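Because the structure is a prediction, the values reported are computed rather than measured. Chain letters run A, B, ... following the sequence lines, proteins first, then strands; residues in each count from 1.
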Amino acid sequence: LETSIRHNTILCAAAVIDRGGNRSEHEFRGEERDILEGLTRLIRDEDPDFITGYNIDNFDLPRIIERAEESGPRSRFEQAALCGWGRVPAIESEAKRLKPNRANNRVWRLTGRIPLDAWWQVRQTLRPERESLRYVANMLWPDDADKHKLDVDASRMDEEWAARPDEVMEYCVRDTYLPLDILAHLQSIQRKEALAAVALSTVETAAAGTTSQWIDSLVIRLADRENIAVPMTQSGPRRRDQIAGGYVHDVEPGIHPWVAVLDFKSMYPSIMIAQNICSTTLVRDGSKNDSHNVSPTTGTRYLESQEREGLVPRLLSQLMEKRDLHKRELANAEESGDKEAAFLHDQLQYAVKILMNSFYGVFASSFYRFTHPDLGASITEWARHNIRSIIAQLETDGHHVVYSDTDSIFVTAPVEPDSPISRPPEDALVFADWRAARAETLRFGERLANRFTKEGAELEFETALSAFFSHGAKKRYVGRVVWPREEMLIRGYEVRRSDSFSLLRRTMVEMFELILANEPWSAVELTKAQIDSVRAREVDAVDLVISRSCKGQLRRNGSVDFTKVYKNPDSLPYVRAAKQRIEAGLGFTPGMKVGWIVIDGKRSPMRIEAWMVDELGVEPPRYDPNFYARRLAKALGRITEAFGWDENELLAGSRQQTLFDF
DNA sequence: GTTCCCTGCTTACC
DNA sequence: ACTGGTAAGCAGGGAGC
């Protein structure tokens, strides 16, 4: 749709029908009624299974319903001519199922069809820094200029429509192809189908249903076969104390040379299977029997599986076998060059993985029908117990555990001291030392995996690192992987965060390269140089865009209320940016990411300007160089501090400035 | 005008 | 109206100085 900013009405619409790759395009303009009727007729004639678009959940669908209700006839059945998209006969008795509807502001439902928003798929699978269609198209197809041509000013749509409707129509059509291309690129539909296949659910449930519905699909089916009564879900609010989660080991700041990384294969599902944890095996009457599986800290008891195998453990074992099978088939297919089979098995093994990992969350929740607070608590206490006891044994044996998070352990390998940590050229003398260190780390990793793997808790040797670095914060680390591939592994740091800015991300990656190559002083020099260039305004504003997602509540008239979701909305930079977008006529839908540039960081609240360059092609805002210099110094200083250069020393830089000069 | 502490919030890791 | 916990870090704002 293209809509009037002034009157909220629909100016024109375009649709593209994709039938097995053959596409046809359809344009609608004229009276609003005619546009809506035309779209509805097209959908009823062409009968699509999926309906997509960019941000249809929050924009197109609500707009269509709203306009149909406002401009259209009174009765629900008469409105069906304007938005009766459901796959049911257009008769009075079906009036209810004809219209798309959205229960409790959640996902859209449309009888017989599946609305699948390309924006949401992009967001979930790609996590882009910014989410405008223009930005995403540019990211996915950087060389495809006509996919991201910008020749209509969307913020002045009324004027554009009045002056040159043909160009607007063309622009509208082009943007209708993109969501189809995006879904194809992300293989979104295939993924939903694979999930439906393994969860034994409809594709609709796989696409729009909740995790608990996927699990219900498997558990209730099995419970029915076994004549086990299925509890109802209790309604109403039930709060309870949180259960304890995974264990996270402290990290010592600095470089740790030659590290073997091990992790448990499907940790929580394995524990559920091994300990037979299930609603149907939980001992609830206080009886005690030596055969019971007893959890290590709370002493929760479960029947042993020989006495009665729990429904969930059984389902999980089957899923685990299924995943192994698809992985084997995937390997076979790859070997024989059967691309279609390889694709299918890859989708299926991935869907099984997703499904297996969903079990724990549902059973640890307070409101699932088969849940009991003890179930979730038992799973995590076993997990903490297993990993802690391995850490303790390793330390007793004199091995240094560098880090551990939930199901992973990072252990220093016993390599020759002074083995090089960065790969030397193959003709260098020390290359042999590097290779020997790697071989030793591999042997060590394999040995640990064998030693600690037991029935129901398989410890796998996952990667070998020639160096591990952290500045001392949990969930933030970098590793130079030397096996099974050679690559850099970065977790948690600003590099991974979409609310950082690209100059910081880039500089930090370069810095890590140098640190892992054992050249920390070069890293410091690099950082100082970058700080200087921001200070001198030599950096493009596009490299300084910060973005975050922003919530809001949509009012009936299409405006957004921020006070319902935020205590003090105007104190938040992203809310201020969202308001600027709305002001500029660019539109904002709750949940979307908004970008901004800080133009005065000294004021409180800081002054920002929304980033609208992608959509409007306007001049970028003039940024506050000192703010960005400080943010760079802060984030990078945390890292260089491990080598003796702190934030203020970085800021002082080559210019001999003091902390208070900006 | 700092500094320190707390709160509110998002986004990461697993 | 619905899957969990653990953790880092930014920005705003008030208190005590």
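The closest side-chain heavy-atom distance from A:Lys353 to A:Ser266 is not below 4.5 Å.
Using a 4.0 Å heavy-atom cutoff across all strands shown, A:Tyr477 reaches sugar-phosphate atoms only and no base atom. Within the 4.0 angstrom heavy-atom criterion, only backbone atoms of the sugar-phosphate kind lie near A:Arg496; the bases stay farther away.
Pairs of residues two or more places apart, or lying in two chains, never qualify as salt bridge (charged side-chain N to carboxylate O under 4.0 Å, His left out) while including a residue from residues 266-281 of chain A.
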Ignoring hydrogens and angles, write down the donor-acceptor pairs under 3.5 Å from the side chains of residues 587-597 of chain A, residues two or more places apart or on other chains.
from	atom 1	to	atom 2	distance (Å)
A:Thr589	OG1	A:Asn55	ND2	2.9

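Within residues 197-211 of chain A, the residues that place at least one heavy atom under 4.0 Å from DNA chain C are, in residue-number order, A:Thr210, A:Thr211.
Of the charged side-chain nitrogens involved, none lies within less than 4.0 Å of a carboxylate oxygen, so that A:Asp646 and A:Lys634 do not count as a salt-bridged pair. The existence of a salt bridge linking A:Arg505 and A:Glu129 is confirmed by a sub-4.0 Å separation between a basic side-chain nitrogen and an acidic carboxylate oxygen. Taking the charged nitrogens against the carboxylate oxygens, A:Asp216 and A:Arg369 do have a contact shorter than 4.0 Å, which makes a salt bridge.
Two residues, A:Arg123 and A:Thr406, neighbour DNA chain B, and the one matched to the more 5' nucleotide by heavy-atom proximity is A:Arg123.
Classified by interplanar angle (parallel below 30°, tilted 30° to 60°, perpendicular above 60°), the ring pair A:Tyr623/A:Tyr628 is perpendicular.
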Protein-nucleotides 13-17 of chain C N/O pairs closer than 3.5 Å?
from	atom 1	to	atom 2	distance (Å)
C:dG13	OP1	A:Asn568	ND2	3.4

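Here the two rings, on A:Phe363 and A:Phe370, have centers that are 6.0 Å apart or farther.
Phosphate proximity of C:dG12 to A:Arg576: present, with a side-chain N or O under 4.0 Å from OP1 or OP2.
Whole-Å rounding puts the A:Lys593 NZ to B:dT11 P distance at 5 Å. For the pair A:Leu572 CG and B:dT10 C1', the interatomic distance rounds to 10 Å; values are reported in whole Å. For the pair A:Phe501 CZ and C:dC10 P, the interatomic distance rounds to 10 Å; values are reported in whole Å.
Counting only Watson-Crick and G-U wobble pairs whose two distances sit under 3.5 Å, DNA chain C takes part in these stems of three or more pairs: B:3-14 with C:4-15.
Residues satisfying the side chain to side chain donor-acceptor pair (under 3.5 Å) test with A:Thr300, not counting sequence neighbours, are A:Thr298.
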